[in-house]
Amino acid sequence: MRVLTYAGLEPGRLKTALNKAMAAIGRDDWRSVDLKKLAPTPYFRIKLDQASRLLLSFVRYRDETVCLALEVIPNHAYEKSRFLRGARVDEALIEEADAAQAEAAATPVRYLHPGRGEFHLLDKVISFDDAQEVIYRLPPPAILVGSAGSGKTALTLEKMRQAEGELLYVTQSPWLARNARELYFANGYRNDAQEPQFLAYREFLETLKVPEGREVNFQAFKAWFERHRQQYRFTDAHQCFEEFRGVIGSQPEGALDEAAYLALGTRQSIFPAERRAAVHQLFRRYQAWLADSGLYDSNLVAQRWQALAEPTYDFVVVDEVQDLTNAQLALVLKTLRKPGQFLLCGDSNQIVHPNFFSWSAVKGLFWRDPELAERQTLSVLRVNYRNAREVTRVANDLLKIKHARFGSIDRESNHLVESASDETGEVRLLADKDAIKRDLDARTRASTLFAVLVLRDEDKAEARKHFRTPLVFSVHEAKGLEYPNIILYRFVSDQRQAYAEICEGVTAADLDKDELDYRRARDKQDKSLEIWKFYVNALYVALTRAVERLYLIESDHGHPLLQLLGVRGGEARLEIESSKSSREDWEREAHRLEQQGKQEQAEAIRRDILRTRQVPWPVWNWETATPMIERARDPREVSNKVRQQLLDFALWHQQERHIEYLSDTLHWNPAVQLIANARQGSIWRTRDSLVERQLGAYHKKNFKDILVQCDQYGVDHRTPMDATPLMLAALAGNLPLAEALLERGADPEQRDLFGHNALSYALGRAVEDEEYAADPLGALYERLATPLDLEVEGRLIRLQPQQGEYLPLQLMLAGLKVLGSQLTHSQEYPIGRRYGFYADYLMRNITHFPAGVLRPERRKRTYFNQVLARAEIDSGYRPARKLWQRVRNGHYLPSPELKLRVPDGDGQGRWLPLYELLAGRQILAGNAYLMVGESLRWIMKDDSEHDPLDFGLL
């Protein structure tokens, strides 16, 4: 069997033993290496020597099974394995295995190089072809051009792993940035020599200064443009937005004034000279409208903030660079410590968002630095590993039409794509007839494998009259999507004239070529490309969203573009099997679309497919808990039920001052008994009983009932305690349930009424429970620890889980509501000595935390003290993150100036003051005793003279 070695495998002193073992595998001698299965994981292991093991997995490429050597595990230390992710391996349960079992466990891969013995790994196995390998070895600076499916993102991330120091990956799409981060750190990857950040461009701007208001999008611009339509009938919103962003506002030095704009050359603007004065006047109105509407244009902000950019990063990757303007790109490159340490990648054929991008303009940035211009290398990836061969053929033919009609756009985009897929695929033309559309709808509407694409947003309403799937997208929404099957609805028929112009003068002979020769358009006055670019690029993007099959519904089958593309069809019966996706598939799809900012489609899935409804029980959020607390504290209240609710609330959230009020002021007997027997542990026992009742179903291995509730009320529905199922699964330590919920799209960033998320629940239990800290915490932490976005002194600070300040801050966020609680009183950490968080208190049970949560070398008081000291607001340490304030020697509380970003449904999120999110004033009323209460009052600037127990006044 062929055996490949992971590029990150480090054999150390076991190199000879490793080579010997690999030779044995190569001759299928499994007996000599003692192959065994590490149940219940997907991995196998073999012996290298008496105490050391080699972790293996298996893949299948076409008809060949290949063994992958992943990791050397010395001294049976499976708990330290990167790939086992802290899972405990019981030697007694390790199963005997043979080659047949290995082959049966093999997972399929799209490509393996026939001769290379090394592979890479992100979320899946990656094997570079010859062109990719050359690029992988290239030093920066470099420009990488590749179509969707060419593997450029995987190649880019692997090149990032070669760099050291402060790294930046930036792209326009928040979803792409988030996805790149998840890929980068997949399978427990860690590199202590680097500190990477993955940011959407808006987030990158926020690291310099958080702009006021919200970022403008094309939909908002279009609505504004319609108000000026009467005066600007010679253009449309799309062309104006492109001109504003890509021409008038594209240069790093600032927006062009009217004189400079009028002086531009013929090919530098969409509009002829006689129209430009009117366009510039509209641009000035646009700037005024932004200010009046509380909106900002990231392009214009990039110009204003050139002075804020400081040398910060040792290596920068800009992905999908065609979505950025020169002003935006120049700002990013200005943050490099050493010019030239960058990688740009993208594909100008995928531009559907207006920005007037050209590779020549990008290279113009480098020409200002002769040394940089000479050093930069441009490489092209021609192989497509995603789209089927027939889909690739049609997409290539569209590029040939574009080339024949308009000439070469630039040298960098002057290439066709080669399909590496084993699938032939299908592209079929269908008649725009009701019977065909009804049949197609009936077969596809219940499946997540089919999506409908239209050209413009306003075309979606017509498409929805015929297709009941919630997966209806305009081409502006299509970027980043891929589906096995795509239905293009009336792309060409609704824009006959535009697509006729695109193929004017093009013949079948122009498409009879395997390569594109480089030639520029002869007439410099011809603005045809700028006028029709949206249509041709939009169709190209739409075509390439289809992985296997593409169906074009058109009324005009004789259109010259369809004839040139060679798509055939008619009214023959469709050979499409009806497909129905499971509820879990739709939940995952809704979550994926939500992450990509496709809120409209995600909401349609939940409304029309999942049909989730509101929970039938009352939920304790502040809207409902505040009147309940006030009513229960009213001496005139005669209902024991409402006081029992307050008692349960106080026990669950460890807000025992409410219990004291019920006992000492109202003399309510159940509370009196609890307080009287507190020294004998009555409060703890009662709380434990309440927690067990709430968590009963969450402890079970069979959690079907919980998933049924998720089907009814949504995967992030609220329990009576304002917790999501994922929060309670984390509290219960039920890893299989947490994984099932995450697989269905549960959001780990959801927060309860005290600002706690699922990770807070896990950490809150871990500091109290040694067994929990030692076992389920590691696997839960890996799945729940998401980056923290904080606003510090007007700038975004994004804390990653691997950074030293991350865990202490998360422990503070999880522990603030109980910091002043008598329920956590002990001889070791007496309440009277707490002014805030201090190292020993934060380090409770820390020795039991798995290495994936906290590395062994960091489990020292000196390390915690160093981290606390360097990140306080008055620290002179650089970088100064200023996360907490010292309230007394060695005692800290989160900075009152911090803001934390929380999701708000539109993809941009909103900033909330930290103590508002953590319910600081309610904590003062509920449990903040002695010095902790005084520290909280001081740091929150709460100068109220009222008793903090007077909840209504807080």
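- A cation-pi contact links Arg592 to Tyr483, judged by a cut-off of 6.0 Å to the six-membered ring centre and 45° from its axis.
- In this structure the side chain of Phe315 never reaches within 4.5 angstrom of the side chain of Glu164, judged on heavy atoms.
- Counting heavy atoms from C-beta outward, Leu344 and Leu329 have side chains that approach closer than 4.5 Å.
- Annotation for Leu453 and Ile486: closest pair CD1-CD1, 3.9 Å, computed over non-hydrogen atoms.
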Apply salt bridge (Lys or Arg N to Asp or Glu O under 4.0 Å) to Asp512 and Lys400, showing your working. CA-CA 9 Å; Asp512 190 20; Lys400 293 175 185 178; over 6 Å; no

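- With salt bridges taken as basic N to acidic carboxylate O contacts below 4.0 Å, none links Glu182 and Arg178.
- One N or O on the side chain of Arg386 and one on the backbone of Thr544 form a donor-acceptor pair closer than 3.5 Å.
- Inspection of the His113 and Asp130 side chains reveals an N or O donor paired with an N or O acceptor under 3.5 Å.
- In this structure, Pro140 and Phe342 have side chains that are not in contact, with every pair of non-hydrogen atoms separated by 4.5 Å or more.
- For the atom pair CG of Leu167 and CD of Gln162, the computed distance is 11.5 Å after rounding to the nearest 0.5 Å.
- Between the Gln596 side chain and the Glu477 main chain, no donor and acceptor come within less than 3.5 Å of each other.
- Residues Met1 and Phe58 have side chains in contact (heavy-atom distance under 4.5 Å, counting atoms from C-beta outward).
- No donor-acceptor contact under 3.5 angstrom links the side chains of Gln101 and Glu103, judged on distance only.
- Considering Ile135, Val321, Leu138 in turn, Ile135 is the only one that fulfils the side-chain contact (heavy atoms from CB on, under 4.5 Å) rule with Leu144.
- Arg389 contributes a side-chain N or O that, together with a main-chain N or O of Asp422, makes up a donor-acceptor pair within less than 3.5 Å.
- For the atom pair Thr41 OG1 and Leu84 CG, the distance stands at 5.5 Å (nearest 0.5 Å).
- Residues passing the side chain to side chain donor-acceptor pair (under 3.5 Å) test with Thr5, sequence neighbours excluded: none.
- Across all their heavy atoms, Leu471 and Phe450 have their closest contact at CD1-O, 3.4 Å.
- Contact check for Val170 versus Gln197: no side-chain heavy atoms found under the 4.5 Å cut-off.
- A donor-acceptor pair is defined here as one N or O able to donate and one able to accept, closer than 3.5 Å; no such pair exists between the side chain of Arg181 and the backbone of Ala177.
- With hydrogens and angles left out, the side-chain atoms of Tyr201 and Asp323 include no donor and acceptor closer than 3.5 Å.
- Looking at Thr424 and Glu426, their side chains never come closer than 4.5 Å, going by heavy atoms from C-beta outward.
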Please test Arg82 against Glu71 for salt bridge (Lys or Arg N to Asp or Glu O under 4.0 Å), starting from the C-alpha separation and ending with a verdict. CA-CA 8 Å; Arg82 166 190 161 188; Glu71 180 182 26; over 6 Å; no

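- Between Tyr6 and Phe119, the angle of the ring planes lies from 30° to 60°, which puts this pair in the tilted group.
- Here the shortest heavy-atom pairing between Leu543 and Ala395 reads CD1-CA, 4.1 Å.
- In this structure, Phe198 and Tyr169 have tilted ring planes: the angle between them lies in the 30° to 60° band.
- Judged purely by atom type and a 3.5 angstrom limit, Asp510 uses its side chain to pair as donor or acceptor with the backbone of Thr507.
- Side chains of Arg549 and Ile576 form no contact here, defined as non-hydrogen atoms less than 4.5 Å apart.
- The two residues Glu423 and Ser421 make their nearest non-hydrogen contact at N-OG, 3.0 Å.
- Pairing each heavy atom of Trp30 with each of Cys67, the nearest pair is CH2-SG, 4.4 Å.
- For Leu449 against Pro484, the heavy-atom pair with the smallest separation is O-CD, 3.6 Å.
- The side-chain heavy atoms of Glu158 and Leu122, taken from C-beta on, include a pair separated by under 4.5 Å.
- Gln322 places a side-chain N or O within 3.5 Å of a backbone atom of Asp347 that can act as its donor or acceptor partner.
- Considering only residues two or more places apart in sequence or on other chains, Ser581 meets the side chain to side chain contact (heavy atoms under 4.5 Å, CB included) condition with Ser447, Thr448, Asp585, Trp586.
- The closest side-chain donor-acceptor pair between Tyr111 and Asp129, if any, does not fall under 3.5 angstrom.
- For Glu64 (side chain) and Tyr61 (main-chain N/O), no donor-acceptor pair under 3.5 Å exists by modelled atom type.
- Using cut-offs of 30° and 60° on the angle between ring planes, the pair Tyr136 and Phe128 is tilted.
- Residues passing the salt bridge (charged side-chain N to carboxylate O under 4.0 Å, His left out) test with Glu515 are Arg382, sequence neighbours excluded.
- Side-chain atoms of Asn396 come within 3.5 Å of backbone N or O of Val417 as a donor-acceptor pair.
- Using modelled atom types and a 3.5 Å distance limit, the side chains of Glu166 and Thr312 yield no donor-acceptor pair.
- The CH2 atom of Trp532 lies 7.5 Å from the CD1 atom of Ile502; values are rounded to the nearest 0.5 Å.
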